[in-house]
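Numbering of ligands and ligand atoms starts at 1, following listing order.
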Amino acid sequence: MGDCVFCKIIKRELPSKIEYEDDDLIVFQNINPIAPTHVLIVPKKHIINLSEVTSENQALLGKMLVVAQKMAKKLEIIDAFRIGVANGANAGQTVFHMHFHLTGGWKEKYNGDEDKA
Ligand code: 5GP
Ligand code: ZN
């Protein structure tokens with residue numbers, strides 16, 4: 001989609017630190033991390049958010065979670081990580097291209113203070 005930041009990252013029209021990519025998904029570092037490790041799991045297909053998915057997206061959504069787990073291993077946060085999704089502006093969604101936040105790397109027990117993490 002023309003104005004979508006994540007579509008631009010996928011098309012390399014905007015720079016990002018890409019950690020993983022395949023035909024369906026891209027994973028890159030969050031420009032504004034709220035945890036020691038914070039990457040975004042993003043489908044290449046422009047789907048606005050979870051409100052828009054259908055059963056046709058079932059395999060893609062499953063793959064997002066499997067890739068999140070693989071990324072947690074790669075980024076060495078497999079012992080303690082969180083996956084977050086903001087769905088809709090009032091839930092804090094700011095980029096309207098569906099994505100999962102994968103966060104981790106805390107030195108102490110997570111205390112829930114980190115918004116959306
Ligand atoms: P949301 O607020 O929609 O749940 O998450 C959007 C996330 O995208 C935010 O955490 C924000 O930091 C990140 N973000 C926004 N613009 C860019 C960008 O241009 N590059 C990268 N790498 N992350 C971005
Ligand atoms: Zn997009």
Donor-acceptor list for residues 33-46 side chains, cut-off 3.5 Å, not counting sequence neighbours:
from : atom 1 : to   : atom 2 : distance (Å)
H38  : ND1    : I34  : N      : 3.1
H38  : NE2    : N30  : ND2    : 3.1
H38  : NE2    : H101 : ND1    : 2.8
K44  : NZ     : E21  : OE2    : 2.9
K44  : NZ     : D22  : O      : 2.8
H46  : ND1    : H97  : ND1    : 3.2

Hey, is ligand 1 close enough to [X] that some N/O pair sits below 3.5 Å?
X: H101; answer: yes
X: F28; answer: no
X: N30; answer: yes

>> Can you tell me if K11 has over 12 outside heavy atoms packed within less than 6.0 Å of its NZ?
In response: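 Counting other residues, nucleotides and ligands, NZ of K11 exceeds 12 neighbours.
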
> Should we say atom CD of Q58 is surrounded by more than 12 heavy atoms from elsewhere, each under 6.0 Å from it?
Replying inline: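 No.
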
> Is E76 reaching over with its side chain to a backbone N or O of G105, donor-acceptor style, under 3.5 angstrom?
Replying inline: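 No.
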
Look at ligand 1 and say whether [X] reaches it with a heavy atom at a distance under 4.0 Å.
X: I9; value: yes
X: K17; value: no
X: K8; value: no

Any atoms of ligand 1 less than 4.0 Å from a non-hydrogen atom of [X]? List them with their elements.
X: A86; answer: 4 (O)
X: Q93; answer: 3 (O)
X: F6; answer: 8 (O)
X: N32; answer: 12 (O)

> Is it true that the side chains of N49 and Q93 contain a donor and an acceptor less than 3.5 Å apart?
Replying inline: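 Yes - a donor-acceptor pair under 3.5 Å links their side chains.
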
> Which pair of heavy atoms, one from S51 and one from N87, lies closest together, and at what distance?
Replying inline: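 For S51 and N87, the tightest heavy-atom pair comes out as OG-ND2, 2.7 Å.
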
> If you take all heavy atoms of I83 and A68, which pair is closest and at what distance?
Replying inline: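 Heavy atoms of I83 and A68 come nearest at CD1-CB, 3.8 Å.
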
> Under 2.8 Å from the Zn ion (ligand 2), which protein atoms of type N, O or S occur, listed by chain and number?
Replying inline: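 Near the Zn ion (ligand 2), below 2.8 Å, one finds C4 SG, C7 SG, H46 ND1, H97 ND1.
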
> Are L60 and M71 connected in a single hydrophobic cluster, I mean Ile/Leu/Val/Met/Phe/Trp/Tyr linked by side-chain heavy atoms less than 4.5 Å apart?
Replying inline: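 Yes, same cluster.
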
> Quick one: do I26 and L75 end up in the same hydrophobic cluster if we chain Ile, Leu, Val, Met, Phe, Trp and Tyr together by side-chain heavy atoms under 4.5 Å apart?
Replying inline: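 Different hydrophobic clusters.
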
> Taking it one step at a time, do F28 and F6 satisfy ring pair (Phe, Tyr, Trp, His ring centres under 6.0 Å)?
Replying inline: CA-CA 10 Å; F28 51 87; F6 289 176; 5.3 Å; yes

> Which value, rounded to the nearest 0.5 Å, describes the distance between K70 atom NZ and K63 atom NZ?
Replying inline: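 Separation between the atoms: 8.0 Å.
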
> Looking only at non-hydrogen atoms, which of I31, L40, N49, I18 approaches atom 17 (C) of ligand 1 most closely?
Replying inline: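 Considering heavy atoms of I31, L40, N49, I18, the nearest to atom 17 (C) of ligand 1 sits in I31.
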
